[in-house]
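All remarks here apply to the structure that follows.
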Amino acid sequence: MKLYPMKLTAPCKDYIWGGTRLREEYGKISDADRIAESWELSCHKDGESIIFNGDFAGKTLSEFIKENGNDILGKNCDKFDNFPILIKLIDAKDNLSVQVHPDNDYALRVEGEYGKTEMWYIVDCDPGAELLYGFKGNIVKEEFERRIKDNTLLEVTNSVPVHKGDVFFIEAGTLHAIGKGILIAEIQQNSNTTYRIYDYGRVGADGKPRQLHVEKAVEVTKLTPPEYPTKAMGEIEQKDGCSVQLLSKCDYFRVNKVCVWEHCVLEASAKSFNSVLVLDGEGEIDGVKLKKGDSCFIPAGYGEYTFKGKAEMVVTDID
C-alpha cells in the first residue's frame, strides 16, 4: 500500500446558533441554510470525514483505517481504544449554550463513550466578542444548582474578551460557551457528549425548548475558576520559509500553528499521523493542492513532507 496525503471532505452541522462563514469563506458544502460546524477530521459515528483524493477516494477515514490497520495512526495512538481526536471549524453567529463535558470515567460509565477535553484556537472574531470560561470564583454545588434554576448563573461565570490568535484549553469539567461573532478551530477528544445547562430560552426546530442536562452537569462541573492560560504554550520558532508555534499539548493531542511563506518541512513519523487544517492561504503537499478551509490527513509512517505555498495552518498529532 502506498501512503499519500489524504484531502478530506467534512460533514457539516446546522445547529441553530450557526452562521454562513464556513460556506462563504471556507468553501464548505451543505444543503442547510447555515453551517455551524464542519468536522474536519472525524471518525465519529455522528459525522465521518470522507477521503477526497487518490486510491481511497470515497471511503470514510474510519473505513481506510479499518482496512489498513492501526499502524496508519502511529504507535502513540496504541494507548487509545479508538480514533483519538475530532477537529472542527465552528462559526458562532449567536451565543452557544452554556455547557460542560464529562471526563472519561464518568462518560464511559454513563454515556458509553469517552469524555471530552478540548482546545480552541480563535481563528477570527468580531470586535468586542467574548466567551464564557469557567467561574469568576469558587462556588458550591448548592449555589450552582440554585443559580441554574433561577436563571442567575451568568452572574457568577467568567466572561473573557477574545482576540484573533487566542488559545483556550478546556479540560473536561470546565464550564464554557462560545460567544457570538467568534470563529474557532477546535481540537478535541473523539466524543460528542455535551451537557447543556443554560440556553437563553431558545427553542429548537420543533418549537420546543432545547433539552437541558442539569443533573448530569452538576455532577461533573468543576466549581472553581479555570487555571489555564489563554495564550499559546510555546514561543514562535522561526525556520527556513516558515514559523512554528506550539499552541497546546495534553494527553490527547498536540497542536502547532504553522505559518508558511515559502515552504515548510514537517514529518508524520511512525509515532503519529498528522492532521493539517488550512486556516488561510493556499499551497500543496506533495502535489495535493490545499486552500483555506481544507483539511488533510497524513498517515503515520509517511515520513517528511513539504508544504509549499503561503498559508496559516494548525497541524495536530498525538504526542
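Worth knowing before you read on, the calculation uses all heavy atoms, side chains too, and leaves out hydrogens, waters and symmetry mates.
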Exercise. Got a donor-acceptor contact below 3.5 angstrom from the Asn256 side chain to the Val258 backbone?
Worked result: no

Exercise. So, does Asp103 use its side chain to make a donor-acceptor pair with the main chain of Tyr106 at under 3.5 Å?
Worked result: yes

Problem set entry | Pair Glu171 + Lys222, salt bridge at N-O below 4.0 Å | yes

Problem set entry | Within 6.0 angstrom of Asp286 CG, more than 12 heavy atoms from elsewhere | yes

Problem set entry | Spatial distance of atom OG (Ser38) from atom CD1 (Ile87) [nearest 0.5 Å] | 11.0 Å

Seminar exercise, completed: For Ile187 and Thr316 the tightest heavy-atom approach is CG1-OG1, 3.8 Å

Exercise. Relative to each other, are the rings of Tyr195 and His213 parallel, tilted or perpendicular (30° and 60° limits)?
Worked result: tilted

Exercise. Is the closest basic N to carboxylate O distance between Arg147 and Glu155 below 4.0 Å?
Worked result: yes

Problem set entry | side chain to side chain contact (heavy atoms under 4.5 Å, CB included) involving Val214 - partner list, sequence neighbours excluded | Ile148, Leu212, Val218

Exercise. Less than 4.0 Å between a side-chain N and a carboxylate O, is that true for Arg109 and Asp105?
Worked result: no

For this session: Check for a donor-acceptor pair, side chain of Arg23 on one end and backbone N or O of Asp33 on the other, with a separation under 3.5 Å.
Result: yes

Exercise. Taking the six-membered ring of Tyr26, is the NZ or CZ of Lys292 close enough (under 6.0 Å from the centre) and on axis enough (within 45°)?
Worked result: yes

For this session: Evaluate the ring planes of His176 and Trp120, with Trp represented by its six-membered ring, and classify them as parallel (under 30°), tilted (30 to 60°) or perpendicular (over 60°).
Result: perpendicular

Exercise. Using 4.0 Å as the upper bound for N to carboxylate O, is an ion pair formed by Lys271 and Asp317?
Worked result: no

Exercise. Can you tell me if CG on Leu154 sees more than 12 non-hydrogen neighbours from other groups inside 6.0 Å?
Worked result: yes

Problem set entry | Residue pair Glu113 / Ser191, side-chain donor-acceptor N/O under 3.5 Å | yes

Problem set entry | NZ/NE/NH1/NH2 to OD/OE distance under 4.0 Å, Lys164 and Asp124 | no

Problem set entry | Lys291/Asp294 salt bridge by N-O under 4.0 Å criterion | yes

Problem set entry | Expected output: side-chain Asp91 to main-chain Thr20 donor-acceptor under 3.5 Å | yes

Exercise. Are any of the side-chain nitrogens in Asp14 or Arg34 under 4.0 Å away from the carboxylate oxygens of its partner?
Worked result: no

Problem set entry | Geometric class of the Phe297/Phe83 ring pair [parallel <30°, tilted 30-60°, perpendicular >60°] | tilted

Exercise. With a 4.0 Å cut-off, would you call Lys249 and Asp319 a salt bridge?
Worked result: yes

Exercise. Is it true that Glu40 and Lys28 have a side-chain N and a carboxylate O under 4.0 angstrom from each other?
Worked result: yes

Exercise. Under 6.0 Å from the CD atom of Glu282, do we count more than 12 heavy atoms belonging to anything else shown?
Worked result: no

Exercise. Do the side chain of Asn158 and the main chain of Tyr133 share a donor and acceptor less than 3.5 angstrom apart?
Worked result: yes

